[in-house]
Amino acid sequence: MQNTLPVTNENGYFEIRLESIGGMGANLCGKMLGELGALYLSLNASSFSSYGSEKRGSPVKAFVRWCREDMPIRVNSPVVSPHILCIFHEGLMGRLPVLDGVEPDTRIILNTPLSPDEAMQKYGLAKGTLYCIDALKIAMESRSRINMVLLGAIAKAAGFIPLDCVKSLCRDTIGKKYPDLIASNLEGVQKGHDLLSDGIPLSAASAQGSPALKKDSFTWGWDNAPQGGINPRFGSTVSNDLSPSREGYIPLFLQEKCINCGLCDSTCPDMVFQFREGTVDGKPAMINGGLDYFHCKGCLRCVAVCPTGALVKALEKDYPDKPWFVPNKDLLPDSIRYEKTGPNGWITSDSYLDEKRVDGGVT
Amino acid sequence: MEKQKVLYESGNELAAYAAKQINYHVMGYYPITPSTQIAENLDLMGAEGEHDIKLIAAEGEHSAAGICYGASTGGGRVFNATSANGLLYALEQFPVQSGTRFPMVMNVACRTVSGPLCIKGDHSDIMYMLNTGWIILFADEPQTVYDMNLLALKLAEAVSLPVAIAFDGFYTSHQKRKCMVFENDSTVKNYIGEKKTAADVLDLAHPITVGSYMNEPDVLNNRYQLHLAMKQAKELLPVLFAEYAELSGRAYSFLKGYLYEDANILLVVLGSAYHTAMEAVDILRKEGTRAGVVTLLTLRPFPHEEIVRFCQNAAVIVAADRQDSYGADGGNLSLELRAALQRASLPVKVISRVYGLGGQDFFVEDALSLFREGLGGSAASFAYHGVTKGSGRQEQPAYFEPLSEANTTKHITTCSYDAAAGKMIVKGGLLRDATAMPKRLAPGHGACPGCGIPVNLNLLLKGIEGNVVLLFQTGCGMVVTTAYPKTSFKVPYLHNLFQNGAATLSGLAEVFRQRQKRGEYPAGEITFIMVSGDGGMDIGMGSALGTALRNHRLILFEYDNGGYMNTGYQLSYSTPMGAKSSTSHVGSTQYGKTFFHKDTPEIMAATHIPYVACAAESNPMDFIRKAAKAAAYAKSFGTAYIKALSACPLNWSDSPDKERSVIAAAVDCCYFPLYEIENGITSLNYDPEKAGKKIPVTDWFSMMGRTRHLTKDTYREITDKIQAETDRRFAKLRARSENPLL
C-alpha cells in the first residue's frame, strides 16, 4: 500500500525515538518499526540503537527514520527532535534528559499507570502532545511484553499506521520464529493500540513548577582534562544514583530478624550493605547498619541468600521512604552530589538478544 | 539485469549475506565490535544449513589471520571480519598474505584504535592498512557493502591480492537500510565463477614452497610485483564496475560525487559522512553557494587521476578525516589528496580537518560548519573540528579517604607457611568478620543487576589484606567500572588490552621491586592482581603463560562467565559445550558450541607456579581463604592463579537472584570442581559425591537459558559426552588429591 507521511522535518524525514533501559526490548521495537516502514508501509527507512557494551538495566535509545520511498536516507546521526517520542520506563523521567528535542509537534508516549493529566502535572511537561499507557499491566495481562504493547501504542499515536500492517509484521517476524508466541504478542499489540489514552496538548502553562534537570556548569575538555585520560577521581562512580536500573522491586530489610551473618554482603554486586563495628551480646562484632539504595539495582541476590528472612522482596512503590536506607558509610562528609543516571548502556549486537523470550514475549 | 529482492538489513548483515551467497570455504575470525555481527549472522545462517562455510572462532585476531592465510594457501576461498585493535593485532599477518599473493576478502567495520579504550567508530584502524599491500575498498552505505563484497572476491582472484572492504562502524555496520540483493545464490556463484588457483599447497602432484627466505635483490623485485598487481587492479576495476552495473543496475566507480562538477567549494570525506554532507550541500546551494561533496570508494589503489578530475574546478577543498596522522597536520586521506593535487599542479586551496573521532556523531550542522570554514577565507590549514576546550574547575572534594595499609589490614585471614608440608596454612575468613574489609571498589559501577563479576572481586579482595594494585584486561569488568570521567576504583588501577595484561603487570610488579631496591620507593608490600575474563584468558593466554613461567610475584585472577559477554556473548573456549551463544547458535544443523570447555587451571598448573585454585561464590569462605593464600604465595613465592566461575544473568539467561544457586549447581555437578594445587600437590576442597550432593550436569544446564535446550532428548548424545568428560576430569582430580605424587 502507498503511504504518505503526514509530517516531516526540514530534511524530509519522519523520526521516532525510543527511550528505554536495557532488557525492555526497545532495540527490537525500533528494528520492527524500521521494517514496518521499509517493507509494509512503502516508505524508505533506517533504524539503529545507541551503541556500546551489552548490559541489562541501563539506558538505551533506539532511533527510526522514515521518508518517501523514492527519497534516499542521507542522515545517519541520532534523532534529535522526534515526531514520536516513546518513553519505555517512567523511571527515566526527570532523571535523564529523555525529553531533549521535544517540539510542539512531538507526540510523547509515556509508559505509566498515570493519566495524561496526572503525568503532565507530575513531570511538568510543557511541549508536545502527551499520550499515556500502562504497558506493564497490559503486557502482564496479555502475557506479552512491554515492547509489543508500545508498538501498538506508537501505531495508534502516529495516526497513519494501519494496525493490520503492524500485525502482519509481527506474524512475519515473531510468528515465523516462535509460532507459539504470536497470539499473545498480537494481543499485546492490539491492546496497546486500543488502550492508549487520548492525547492532551501540553503548553508552558501546564509546566508550572516543573523540576528542570540541572545542567553541570563544569565540562571536561582538552584544556582541563588530565593527559592521557588518566582519572584521579578514585571511587567516583559512587556519585551515580543507579535507582533507575531497578525494575520495580527492592530488597526490604527487616532488621529485627538479621543475625549479621554477612551472606548478603558476600553476594551483593553493588556494595549496598553497610556493615559497621558494633557489639552483639556485649562483644565487638560487625553489624548490618542498613542498605544504600542509591546503588541497589534490585537484583535481589541478597533476598535469595538471607537465611533468616531479614531481607525480603518488596514492591518499591509501596516503600517511598525506604526503612534502613543508609548512604555509603565510607563517604567523606558532604562530599556527595548524586547524579541520577544509568551506566553507559547500549546495544552492539542483537542476533542473540533477539532470541530472548520472557513470559511469552520476545524482547 | 539479474533478479533481485529487497532486504531491510545493516551493513554487517549484508556482508554476511554476501558471504553466504559466495559460500566461502573458511572464515577465520575473532569477535570484535563492531564487526562481530558478520560472524554472528553467518553462524545463525549456518545453524540452519544455509551455507557450508567452516566458521573458525580463533583465540585472537592474530590467529584468525593465520587461519585465513593457511586456508587461502590451500586453494580455499577465505573470509574474515575485524575492527580496531583486532586489525592492529593481526597487522603483521597482512603483508604475509599480500606478499605471497594469496587472495582473500576481509571486512573492516571501522572503529577507533585504543587506548583509552573506545568501541565506537572512526577511521584510525583502516588507515594502518594503507601500507600492507592489500586492496582497500571503502563502502559508504550498506548497499555498497553488499555489492563490494561480491566485486571484491572477483578482483582479489583476478590480481592475486587480498582485499579489505572498509565501512563505518555503527553508522554503516549497524544501521538497517532497505537494500537490494540477488534473489538467487546461483547468480552470485555464476558471477564469481570457479576459483582458479595459481598456487596451491594442497596440489601434491606439483609441490610448491610458500614463504621462501628471501633477501636483496629478490625482495625488491617481489615488492615491485606487488606494485604491478596493484596497478593491474587499478586497470581492472573499471571493467569490473561496468560488468557489475550490468548485472545489478548499480554503477560504481573509484569515486562518488554530488554536485561536484561546478562546485566552488568541495568537501572530501569517507564513508557515511558523505551522505550527511549532501544535505549540507543542498542547503548551501539554496543559499547560492556552489558547494559539492566527493567521497572515495577505493583507497588502494589510490585514484590519483580520477580525484584530480573530480576536484579540478574547485577553488577550495575541505579534506576531512575521521583519523589523524599525528604530527603530519592531516589525516591520511587529506595528505594523499594534497599529494595527488600537487602532482597535477592544481592551484586549489586545501584545508585539512579531523572530525568525528571515537564515534562523535556527524550532523548536517557539522558538514555545514566545515563548508563555512572553507568559505571563510582565513581558515587554518589544519585543525580539529568539534573539540571542546572545557570550562570551569571540578570543585568537588574527594569522595573517600585513600585506602591505607592500616585500614585494609583487618586480620580477617592469617597465613603461615608450613615448609615441611609445602603448604600455606590459612586461618579465618568468616563471612561476618570479612564485612569489615573496606571495599576496594566503589559502588555505582555499571554492571548488570546480579552480575557475578563484582561479587567475585569483592570476595577475592576480602581475603587480601593490605595494599593492592589492580590491572584489568579488557572485558565487562573493565568497561563497567571505568566509564570516563568516573572510575569505581579506590585503589590504583591500570587497564591494558587483553592480549597483554599479565605481561604489563609483570613489568609493574618488577619496577616496584626495582624502585624499592634502589631506595626510590618506601618499604612495604603491595599485592599485584591481574583481573581478566575468560575471553582475556583466551586471547591473552600466551601472555599469562609467559608471566607464570617467569614466576613473577603477582596474582592472576580469572572470572569465567563462559563467553565474551561485553560484546554480546560470543563463544569463548570456556563456554560449556552445547551452550548457545551468538557464534554458536542452535538450529537444525547445529546444537551450540561444538567442543569441550577449556581447562584453564590445568594449563596454568603445567607452568608449575606455586599456587593454582578454583573458587566459587557458592562457597564464599573457601573463596576468601584461597584469596588469602594466593596473596601469601604472591608475596613470597611467585605467581598465583585463581579462577572463579562468574554468573552472567544477561547471557546465561537466568534470573539475577538465582545466580548463587546456579553457581552452586555448577560445583555440585562437578563441572566446576573446587580444588587447589600448592607446589604441585592437588587438594580437592569439596567432593560433591562425598557430600551426597552430586547432580547430573543436565540439572545445571536446565537452570540456564543458554543450555536449557540440551535437556531435550534430542541432545542426549551430546549431554552424555559432556557428563562423561566432566566425570573423567573430576575423577582425575580426585585421584591426584588422594595421591600427592600424581
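Values below: all heavy atoms of this structure, side chains included; hydrogens, waters and symmetry mates excluded. In what follows, chains are A, B, ... by sequence order, proteins preceding strands, each numbered from 1.
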Exercise for the section: May I ask you to name which of A:S47, A:G262, A:G229 has the most heavy-atom pairs under 4.5 Å with chain B? Expected result: A:S47
Problem - Neighbour count >12 (heavy atoms, 6.0 Å) for atom CZ, B:F363 - result: yes
Fill in the blank from the handout: Most contact-rich option vs chain B, by heavy-atom pairs under 4.5 angstrom, among A:H295, A:E277, A:R301, is A:R301
Practice task
Could you tell me which portion of A:V80 (side chain, backbone, both or neither) has an atom closer than 4.5 angstrom to a non-hydrogen atom of chain B?
Solution key: side chain
Practice task
Look at the side chain of A:T219 and the backbone N and O of B:S391, then say whether any donor-acceptor pair between them is shorter than 3.5 Å.
Solution key: yes
Handout entry: chain A contact via B:I624 - side chain, backbone, both or neither, heavy atoms under 4.5 Å
Key = neither
Fill in the blank from the handout: Interface check, chain B: of A:A304, A:C296, A:S266, most non-hydrogen pairs under 4.5 Å belong to A:S266
Exercise for the section: Considering non-hydrogen atoms only, spot the tightest contact between A:C299 and B:P449 and give its length. Expected result: CB-C, 3.7 Å
Completion exercise
Rounded to the nearest 0.5 Å, the CE atom of A:M271 sits from the CG atom of B:L457 at a distance of 7.5 Å
Completion exercise
Interface check, chain B: of A:L39, A:N11, A:V305, most non-hydrogen pairs under 4.5 Å belong to A:N11
Handout entry: Pairwise side-chain contact, B:F400 with A:F234, heavy-atom cut-off 4.5 Å (strictly under)
Key = yes
Problem - Sidechain-backbone polar pair: A:N231 side chain, B:P485 backbone, donor-acceptor under 3.5 Å - result: yes
Problem - Pair A:D270-B:H445, side-chain donor/acceptor within less than 3.5 Å - result: yes
Exercise for the section: Give a yes or no on whether the backbone of A:G235 and the side-chain of B:T487 come within a donor-acceptor separation of less than 3.5 Å. Expected result: no
Exercise for the section: Kindly compute the distance separating SG (A:C302) from CZ (B:R660), expressed to the nearest 0.5 Å. Expected result: 11.0 Å
Handout entry: Residue pair A:V280, B:R432: steps toward the side-chain contact (heavy atoms from CB on, under 4.5 Å) verdict
Key = CA-CA 12 Å; A:V280 172; B:R432 76 171 72 220; 5.9 Å; no
Fill in the blank from the handout: Residues at least two apart in sequence or cross-chain that pass side-chain hydrogen bond (donor to acceptor under 3.5 Å, both in side chains) with A:D330, listed by chain then number, are none
Problem - Pairwise side-chain contact, A:E10 with B:V364, heavy-atom cut-off 4.5 Å (strictly under) - result: no
Exercise for the section: Determine, for A:D265 against B:K462, whether the closest basic-nitrogen to carboxylate-oxygen distance falls under 4.0 angstrom. Expected result: yes
Practice task
Select one option (side chain, backbone, both, neither) describing which atoms of B:T481 are under 4.5 Å from chain A's heavy atoms.
Solution key: backbone
Problem - From NZ (B:K389) to CG (A:D223), nearest 0.5 Å - result: 4.5 Å
Problem - A:P72, part contacting chain B, at a heavy-atom distance under 4.5 Å - result: neither
Practice task
Ignoring hydrogens and angles, tell me if any N or O in the side chain of B:D657 forms a donor-acceptor pair with the backbone of A:L300 under 3.5 Å.
Solution key: no
Exercise for the section: Using the test salt bridge (charged side-chain N to carboxylate O under 4.0 Å, His left out), find all partners of B:D361 that sit at least two apart in sequence or belong to another chain. Expected result: none
Handout entry: Backbone N/O of B:R177 and side chain of A:S46: donor-acceptor pair under 3.5 Å
Key = no
Problem - Salt bridge present between B:K178 and A:E69 (N-O < 4.0 angstrom) - result: yes
Handout entry: Top contributor to chain B contacts, counting heavy-atom pairs under 4.5 Å, from A:I230, A:V75, A:L331
Key = A:L331
Handout entry: Structural part of A:V303 lying under 4.5 Å from a heavy atom of chain B
Key = neither
Completion exercise
Bottom line for A:I259: the part with an atom under 4.5 Å from chain B's heavy atoms is backbone
Handout entry: Backbone N/O of A:N76 and side chain of B:Q175: donor-acceptor pair under 3.5 Å
Key = yes
Practice task
Check each atom of B:Y258 against the heavy atoms of chain A and say whether the ones under 4.5 Å are side chain, backbone, both or neither.
Solution key: side chain
Completion exercise
Between the CG atom in A:N328 and the OH atom in B:Y399, the distance rounded to the nearest 0.5 Å is 12.0 Å
